[in-house]
There are 2 protein chains.
Amino acid sequence: MKRSLETIAYNQDTEALARFAKALGHPTRIAIIKHLENQSCCFTGDLVEVFPLAQSTVSQHLKELKNAGLIQGELKPPKIKYCINKDNWNKAKALFQEFFD
Amino acid sequence: MKRSLETIAYNQDTEALARFAKALGHPTRIAIIKHLENQSCCFTGDLVEVFPLAQSTVSQHLKELKNAGLIQGELKPPKIKYCINKDNWNKAKALFQEFFD
DNA sequence: ACTACCTATCGTAAATTTACGATTGATATT
DNA sequence: AATATCAATCGTAAATTTACGATAGGTAGT
């Protein structure tokens with residue numbers, strides 16, 4: 001990517017907002033979150049049935065959402081229950097709200 | 001990218017939200033928008049001075065924001081004045097608001 | 001017409017993203 | 001201990017993104 005030598009230091013809110021936005025920057029991930037909002041929680045397998053995507057692909061999208069902090073997984077053997085991470089969700093909500101005035 | 005044969009058809013709001021989110025998914029673009037909110041408008045050259053990025057890189061980021069509909073450019077020869085596109089901004093705002101409840 | 005100025009576009013390279021199938025790992029059940 | 005189930009991870013390929021310098025284009029002033 002041929003980056004400039006010094007990484008640009010944006011303020012924290014800017015970085016955080018961009019990170020959240022990036023995580024939401026794919027329709028499948030928006031749809032996953034919407035699904036989680038309806039169901040409150042769900043298992044990976046549920047999503048694999050809902051979306052015409054490979055299991056590994058769904059897993060990858062979940063990982064991105066988890067890395068961004070928007071969701072969290074809880075072990076419910078042999079399944080994994082995913083829910084929205086309320087704390088970070090509220091953080092994201094506040095950042096977007098502020099951003100849009 | 002080895003896409004599945006049939007493209008997934010998400011509903012329009014989902015697609016639109018993802019498109020907006022993607023455009024906002026880079027700290028430089030968040031910073032550009034914040035700059036535009038402060039100044040109400042600005043020229044490409046202003047931004048080139050603000051950010052330690054090549055002129056072409058700034059131009060590219062502006063293009064992405066423009067493609068997403070979040071900003072618009074107005075010819076003010078020999079400069080180009082960029083402003084937030086109010087209509088689409090409000091659309092984005094509404095979509096994010098609804099998304100976050 | 002020529003020049004100067006500003007910005008978009010082109011060509012490029014490297015990193016990242018998105019998708020898949022195959023494999024691995026972890027836990028519950030037999 | 002062996003098996004079954006579910007989901008993460010690995011390896012992979014193709015597309016996209018991000019960045020740069022160089023070039024092209026469009027307008028105003030000379």
Side-chain angles (χ1 to χ4, degrees), chain A residues 1-10 14-15 18-32 35-36 41-68 71-83, chain B residues 1-10 14-15 18-32 35-36 41-68 71-83:
Chain A
M1 209 199 298
K2 223 191 300 180
R3 295 193 165 284
S4 43
L5 299 194
E6 35 183 331
T7 313
I8 303 176
Y10 294 99
T14 297
E15 296 275 8
R19 212 161 29 240
F20 284 132
K22 192 176 181 185
L24 297 174
H26 193 288
T28 296
R29 292 198 288 270
I30 295 284
I32 288 175
H35 196 79
L36 283 177
C41 283
C42 76
F43 302 104
T44 310
D46 302 350
L47 299 171
V48 175
E49 277 167 38
V50 172
F51 300 104
L53 293 169
Q55 179 263 318
S56 57
T57 303
V58 171
S59 217
Q60 218 169 264
H61 281 303
L62 287 170
K63 191 183 178 184
E64 296 235 6
L65 289 170
K66 203 168 54 182
N67 285 346
I71 65 171
Q72 62 196 33
E74 188 191 338
L75 230 68
K76 284 278 186 193
K79 302 186 176 185
I80 293 176
K81 194 176 74 173
Y82 279 104
C83 308
Chain B
M1 208 199 300
K2 223 192 301 179
R3 295 194 164 283
S4 45
L5 299 192
E6 35 184 331
T7 313
I8 303 177
Y10 294 99
T14 296
E15 296 275 8
R19 211 161 31 241
F20 284 131
K22 192 176 182 183
L24 297 174
H26 193 288
T28 296
R29 291 197 289 272
I30 294 284
I32 288 175
H35 195 80
L36 283 178
C41 284
C42 76
F43 302 104
T44 310
D46 301 350
L47 298 171
V48 175
E49 278 167 38
V50 172
F51 300 104
L53 292 170
Q55 179 264 319
S56 57
T57 302
V58 172
S59 217
Q60 219 168 265
H61 281 304
L62 287 170
K63 191 183 177 184
E64 295 234 8
L65 289 170
K66 204 168 53 182
N67 285 346
I71 65 172
Q72 62 197 30
E74 189 191 338
L75 228 69
K76 283 279 183 190
K79 302 187 177 185
I80 293 176
K81 195 176 72 172
Y82 280 104
C83 308

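In what follows, chains are A, B, ... by sequence order, proteins preceding strands, each numbered from 1.
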When you check the phosphate oxygens OP1 and OP2 of [N], does a side-chain N or O of [X] lie under 4.0 Å from one of them?
X	N	value
A:H61	C:dT17	no
A:T57	C:dC20	yes
A:K22	D:dT17	no
B:K79	D:dT27	no
A:S59	D:dT9	no

[X] versus [Y], closest heavy-atom pair with distance:
X	Y	result
A:T14	B:P27	CG2-O, 3.5 Å
A:K81	A:C41	CG-CB, 3.9 Å
B:H35	B:V50	CE1-CG2, 3.8 Å

I need the [atom1]-[atom2] distance between [X] and [N], as an integer number of Å.
X	N	atom1	atom2	result
B:F43	C:dC5	CZ	C1'	13 Å
A:R29	C:dA19	CZ	P	8 Å
B:I8	C:dA19	CD1	P	7 Å
B:K63	C:dC6	NZ	P	22 Å
B:L53	D:dT17	CG	P	18 Å
B:L62	D:dT18	CG	C1'	14 Å
B:E74	C:dA8	CD	C1'	17 Å

If you only use heavy atoms from C-beta on, which nucleotide in [options] is closest to the side chain of [X]?
X	options	result
B:H26	D:dT18, C:dT18, C:dA8	D:dT18
A:A54	C:dT7, C:dG21, C:dA22	C:dG21
B:S56	D:dC10, C:dT7, C:dT9	C:dT9

Can you tell if the side chain of [X] reaches within under 4.5 Å of the side chain of [Y], non-hydrogen atoms only?
X	Y	value
A:L36	A:C83	no
A:L24	B:F20	no
B:L65	B:H61	no

Tell me every residue that passes side chain to side chain contact (heavy atoms under 4.5 Å, CB included) with B:T44, counting only those two or more places apart in sequence or in another chain.
B:V48, B:V58, B:L62, B:Y82
Protein-nucleic acid N or O pairs under 3.5 Å, nucleotides 24-30 of chain C:
none

Relative to the 5' end of DNA chain C, which residue comes earlier, A:G25 or B:Y82, by the nucleotide with the nearest heavy atom?
B:Y82
With nearest nucleotides of DNA chain C determined for A:Q60 and B:Q60 from heavy-atom distances, which residue corresponds to the more 5′ nucleotide?
B:Q60
For B:E64 and B:Q55, find the nucleotide of DNA chain D closest to each by heavy atoms; which residue's nucleotide sits nearer the 5' end?
B:E64
